[in-house]
Amino acid sequence: RGISGAEIKVTAFGNQVIGNVLFGSALGNAPVTATDEEGKFKFNRLTPGRARLDISATDFISVQEMIEIPKEGIRDKVFTLEPGFSIEGRVLDNAGSGIPGARVHAASPHPVNSYSNALTNQEGYFKISNLKQGMFTITVRATGYADGSREGVQVGETKADFSLAANGKVSGRVSRAVTGTPAKDFVVNLMLRRPNGTYQWYRDFRQNTEDGRYTCEDVQPGTYKVSI
């Protein structure tokens, strides 16, 4: 049965041979169309040559295929989309309220090779669709909150919930060692302590102040080493 409203995008590629290796590069804007009520689509005046077709439709697994477009064009090319799976959940703050606009990403590398994204609604709920069968790692990012992550989430899960801790701040005062006068222009470097006891670079904060005081906003919860 034809799938209506599926999006079809054609990306033309230019070929370059270096040694014995063929390289492809995308050329110009990719034309886009949608299937009609019977699932049919048509492109006019496509440039002959190598191209990539990207096909996506709600509740189906996206398809990507490389094709060769001859001068006479292609007729009656058929694509079959498999029904997709979904993962649902909710992103909450420490008080139990939903976080709107959080970015949720599902990834399952080889051999599944399936990826998809979603945004939470006003109540913090999300649904990631068009996934292949398999196990996924879910990562969540929201402005003002620490990132969240879960591994081994199976498609069909309806309670993949996350509770994110609000970010905090680091503040202090910097003065010159010899004179004791406030430093006015400096960079605060934060190094985040890992679970194994080592430190990794987190962020640099440029400061320009008259009294030497600084405040680093929107800092992920954790233990830090501060250097100037």
Side-chain angles (χ1 to χ4, degrees), residues 1-89 101-121 126-142 147-158 160:
R1 187 177 64 178
I3 301 172
S4 63
E7 182 182 274
I8 319 293
K9 181 170 69 173
V10 179
T11 304
F13 277 72
N15 296 332
Q16 180 182 13
V17 177
I18 300 179
N20 294 321
V21 181
L22 176 66
F23 293 86
S25 58
L27 302 175
N29 296 324
V32 178
T33 190
T35 55
D36 61 18
E37 295 181 353
E38 297 180 348
K40 297 180 180 180
F41 67 93
K42 182 179 181 180
F43 285 100
N44 293 315
R45 296 186 296 276
L46 290 178
T47 302
R50 189 165 175 261
R52 187 187 71 210
L53 264 66
D54 293 276
I55 306 172
S56 59
T58 303
D59 297 327
F60 290 87
I61 299 172
S62 299
V63 170
Q64 186 178 94
E65 182 175 323
M66 297 300 300
I67 62 172
E68 190 72 30
I69 303 174
K71 292 181 180 180
E72 63 273 16
I74 300 175
R75 292 182 178 273
D76 300 323
K77 179 72 173 177
V78 177
F79 297 92
T80 301
L81 303 188
E82 298 291 336
F85 298 88
S86 64
I87 295 174
E88 301 180 45
R103 297 175 296 280
V104 187
H105 177 68
S108 184
H110 182 79
V112 177
N113 290 328
S114 184
Y115 308 86
S116 192
N117 302 282
L119 291 175
T120 57
N121 63 16
F126 68 87
K127 180 178 181 179
I128 306 176
S129 303
N130 305 348
L131 299 174
K132 296 180 182 179
Q133 181 74 49
M135 306 287 281
F136 286 78
T137 296
I138 311 296
T139 55
V140 180
R141 291 185 173 88
D147 295 347
S149 179
R150 278 179 59 184
E151 297 181 354
V153 180
Q154 178 68 45
V155 293
E157 173 67 62
T158 59

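Remember, predicted model here, so these are calculated numbers, not experimental data.
- In terms of modelled atom types and a separation under 3.5 Å, the side chain of N130 and the main chain of I61 share no donor-acceptor contact.
- In this structure, I128 and V104 have side chains that are in contact, with non-hydrogen atoms separated by less than 4.5 Å.
- Annotation: R141, atom CZ; neighbour count of heavy atoms from other residues, nucleotides and ligands within 6.0 Å does not exceed 12.
- Evaluation of the side chain to side chain donor-acceptor pair (under 3.5 Å) test over residues 80-89, restricted to residues two or more places apart or in two chains, returns none.
- Of all non-hydrogen atoms in E68 and R50, the two that sit nearest each other are OE2-N, 3.6 Å.
- The two atoms that bring K127 and A118 nearest to each other are O-CB, 3.6 Å, heavy atoms only.
- Counting heavy atoms from C-beta on, the side chains of L46 and P31 come closer than 4.5 Å.
- Pairing each heavy atom of F126 with each of L119, the nearest pair is CB-O, 4.3 Å.
- Scanning all heavy atoms of the two residues, the minimum distance from T137 to S149 falls at CG2-OG, 4.0 Å.
- Remark: E37 CD is loosely packed, at most 12 non-hydrogen atoms of other residues, nucleotides or ligands lying under 6.0 Å away.
- Of all non-hydrogen atoms in D54 and T11, the two that sit nearest each other are OD2-OG1, 4.3 Å.
- Distance check: L81 CG to I3 CD1 gives 4.0 Å after rounding to the nearest 0.5 Å.
- Distance alone, capped at 3.5 Å, places no donor-acceptor pair between the S56 side chain and the S62 backbone.
- When all heavy atoms of F43 and I8 are compared, the closest pair comes out as CZ-O, 3.5 Å.
- The structure places CD of E7 at 9.5 Å from OG1 of T33, a figure rounded to the nearest 0.5 Å.
- The aromatic rings of F41 and F79 sit tilted, their planes meeting at an angle between 30° and 60°.
- Considering CD of Q64 and CG of L53, their distance stands at 9.5 Å, rounded to 0.5 Å.
- Note that CZ of R1 is 13.0 Å distant from CD of E38, once rounded to the nearest 0.5 Å.
- A distance of 12.0 Å separates OG in S116 from NZ in K132, rounded to the nearest 0.5 Å.
- Rounded to the nearest 0.5 angstrom, L131 CG and I87 CD1 are separated by 5.5 Å.
- The closest donor-acceptor contact from the side chain of T120 to the backbone of A102 lies under 3.5 Å.
- Listed for the S4 side chain is no donor-acceptor partner under 3.5 Å among the backbone atoms of G39.
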